[in-house]
Amino acid sequence: MAAVQLESVAAHHGKAKLNVEIFPQGPLVDGKDTARVKGSTSDDYERLEKGLLQYGCAHYRRRCRIRAPCCNEVFDCRHCHNESKNSIKTDVIRRHELSRHEVQQVICSLCGTEQEVGQICISCGACMGKYFCEVCKLFDDDISKQQYHCRGCGICRIGGRENFFHCSKCGCCYSTVLKNSHACVEGAMHHDCPICFEYLFDSTNGVSVLPCGHTIHENCLKEMEEHCQFVCPLCSKSVCDMSKAWERLDVELTRLSDSWDDKMVRILCNDCGAISEVHFNLIAHKCLSCKSYNTRQI
């Protein structure tokens, strides 16, 4: 299994700008390198860097706020808006969410100037986000997240473009460790988590890809394992290597007396899909094909 990290999402494709290059701060002989917005010079460096990492919210470090056109209110980011306007405390009739594409106006956190979406403030010249995606309307000063925009997904992700690949069949980005080993499932993340029912594709929580190809939140998977649930909630295949557990079960079953030796039953293996005819057992039935006990009687 491998985790997939997500940032904000976009519903259509387009360009994204990671306008960051490495420039020496101050004289070249200083030897101190720092990230600087592309196109900046030594004269305007301080202006562009003013307020860096000093503004933002729990979701992003950024030097601007957004005006939500749906309610004409100002929030630190789209997630802050949605948490406020789509919470259980809000009247059902008034609940709504803000799409990233609807954001048209931002307010500079340094000078308070309201303006159209853009990376550089038109008034004070401050950079409102070292990472800026003009498709997702995403600003973030914390570039250690290694944000990038995936054209295939149409969203911004974190973790570094070189560490992920886009699977066109699954319709999402996966870790490169899964490139030649994952099971493809059509639209694998374009559905709700089978445990908490949050939509996975635009979730900002970590997502795990199961051996069967289905996806689930990392935290939800851990909670399942804490309750001794080791099968996929969607297809019932094992979510991890259970061979050691099956070996222990073999030993335990040999110690138990069985008075049903004459009764035969047909079973379906949830792991390999094979159908077998085996002796009935009150505890478990073993697949004759893959030796798994993850079976059901048919």
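FYI, the numbering just counts along the sequence from 1. FYI, side chains are in, hydrogens and waters are out, and symmetry mates aren't considered; it's all heavy atoms of this structure.
- Two residues are said to be in side-chain contact when any heavy atoms from C-beta on lie closer than 4.5 Å; Gln115 and Cys108 meet this criterion.
- Aromatic rings of His182 and Phe165 (six-membered ring for Trp) have centroids within the 6.0 Å cut-off, being under it.
- In the model, His79 has no side-chain atom that pairs as donor or acceptor with a side-chain atom of Thr204 under 3.5 Å.
- A salt bridge does not link Glu225 to Lys222: none of the charged side-chain nitrogens sits closer than 4.0 Å to a carboxylate oxygen.
- What you find for Arg161 and Tyr148 is that their closest heavy atoms are N-CD2, 3.5 Å.
- Counting heavy atoms from C-beta outward, His149 and Tyr131 have side chains that approach closer than 4.5 Å.
- In terms of heavy atoms, Arg78 sits closest to Ser99 at CD-C, 3.8 Å.
- Two residues are said to be in side-chain contact when any heavy atoms from C-beta on lie closer than 4.5 Å; Glu252 and Ile283 fail this criterion.
- The CG atom of Asn205 lies 8.0 Å from the SG atom of Cys220; values are rounded to the nearest 0.5 Å.
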Intermediate values then yes/no, side chain to side chain contact (heavy atoms under 4.5 Å, CB included), Ile66 and Val74: CA-CA 6 Å; Ile66 65 170; Val74 176; over 6 Å; no

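- Checking Glu114, His81, Glu73 one by one against Arg67, the side chain to side chain donor-acceptor pair (under 3.5 Å) holds for a single residue, Glu114.
- Contact of the His214 side chain with the Val185 side chain is registered, since non-hydrogen atoms from C-beta on lie closer than 4.5 Å.
- In terms of heavy-atom proximity, Pro233 sits nearest to Ile195 at CG-CD1, 3.9 Å.
- Contact check for Glu83 versus His59: side-chain heavy atoms found under the 4.5 Å cut-off.
- The CG atom of Leu138 lies 7.0 Å from the CD atom of Gln147; values are rounded to the nearest 0.5 Å.
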Trace of the side chain to side chain contact (heavy atoms under 4.5 Å, CB included) decision for Arg266 with Gln297: CA-CA 6 Å; Arg266 296 181 75 219; Gln297 189 174 336; over 6 Å; no

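- Across all non-hydrogen atoms, the minimal contact from Leu98 to Cys70 is CD1-SG, 4.2 Å.
- In the hydrophobic clustering of this structure, Phe197 does not group with Phe201; members are Ile, Leu, Val, Met, Phe, Trp, Tyr whose side-chain heavy atoms approach within less than 4.5 Å, directly or through other members.
- Ring geometry for His285 against Phe280 counts as tilted: the plane angle lies between 30° and 60°, on a 0 to 90° scale.
- For the pair Ala284 and Leu249, the tightest heavy-atom approach, listed with the atom from each and the gap, is CB-CD2, 4.0 Å.
- Asp271 contributes a side-chain N or O that, together with a main-chain N or O of Ser238, makes up a donor-acceptor pair within less than 3.5 Å.
- Distance check: Cys193 SG to Leu200 CG gives 5.5 Å after rounding to the nearest 0.5 Å.
- Residue Glu116 qualifies as open at atom CD: its count of foreign heavy atoms under 6.0 Å is 12 or below.
- At least one side-chain heavy atom of Arg65 sits under 4.5 Å from a side-chain heavy atom of Ser109.
- For the atom pair Ser144 OG and Gln146 CD, the distance stands at 8.0 Å (nearest 0.5 Å).
- Defined by atom type and a distance below 3.5 Å, a donor-acceptor pair is present between the side-chain atoms of Asp241 and Ser243.
- Enclosure of atom CZ in Arg95 by more than 12 non-hydrogen atoms of other residues, nucleotides or ligands within 6.0 angstrom is indicated.
- At a threshold of 4.5 Å between side-chain heavy atoms, the hydrophobic network of Ile, Leu, Val, Met, Phe, Trp and Tyr places Ile267 and Leu288 in one connected group.
- Side chains of Ser276 and Cys269 form no contact here, defined as non-hydrogen atoms less than 4.5 Å apart.
- Minimum interatomic distance between Val117 and Lys137 (heavy atoms only, all atoms of both residues): CG1-CD, 3.9 Å.
- A salt bridge is defined here as a Lys NZ or Arg NE, NH1 or NH2 lying under 4.0 Å from an Asp or Glu carboxylate O, and Asp250 with Lys286 meets this definition.
- Of the inter-residue distances, the one linking Arg61 atom CZ with Ile143 atom CD1 reads 15.0 Å to the nearest 0.5 angstrom.
- Under a hydrophobic clustering in which Ile, Leu, Val, Met, Phe, Trp and Tyr are joined whenever their side-chain heavy atoms come within less than 4.5 Å, directly or via other members, Met224 and Leu210 fall into the same cluster.
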Working for side chain to side chain contact (heavy atoms under 4.5 Å, CB included), residues Tyr60 and Asp76: CA-CA 8 Å; Tyr60 306 107; Asp76 285 319; over 6 Å; no

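- Looking only at atom types and distance, the side chain of Ser236 has no donor-acceptor partner in the side chain of Asn270 under 3.5 Å away.
- Just one of Lys50, Arg62, Arg63 meets the salt bridge (Lys or Arg N to Asp or Glu O under 4.0 Å) condition when paired with Asp141; it is Arg63.
- In terms of hydrophobic clustering, with Ile, Leu, Val, Met, Phe, Trp and Tyr side chains grouped at heavy-atom distances under 4.5 Å, Leu52 and Tyr55 are assigned to different clusters.
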Phe75 vs Asn82, side chain to side chain contact (heavy atoms under 4.5 Å, CB included): CA-CA, chis, key distance, verdict: CA-CA 10 Å; Phe75 295 88; Asn82 293 342; over 6 Å; no

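- No single ILVMFWY cluster, assembled from side-chain heavy atoms under 4.5 Å apart, contains both Val231 and Tyr293.
- Atom CG in Leu234 sits 7.5 Å away from atom SG in Cys212 (nearest 0.5 Å).
- Ring geometry, His190 versus Tyr199: the interplanar angle exceeds 60°, so the pair is classed perpendicular (tilted spans 30 to 60°).
- By the 4.5 Å heavy-atom criterion applied to side chains, Val207 and His217 are counted as neighbours.
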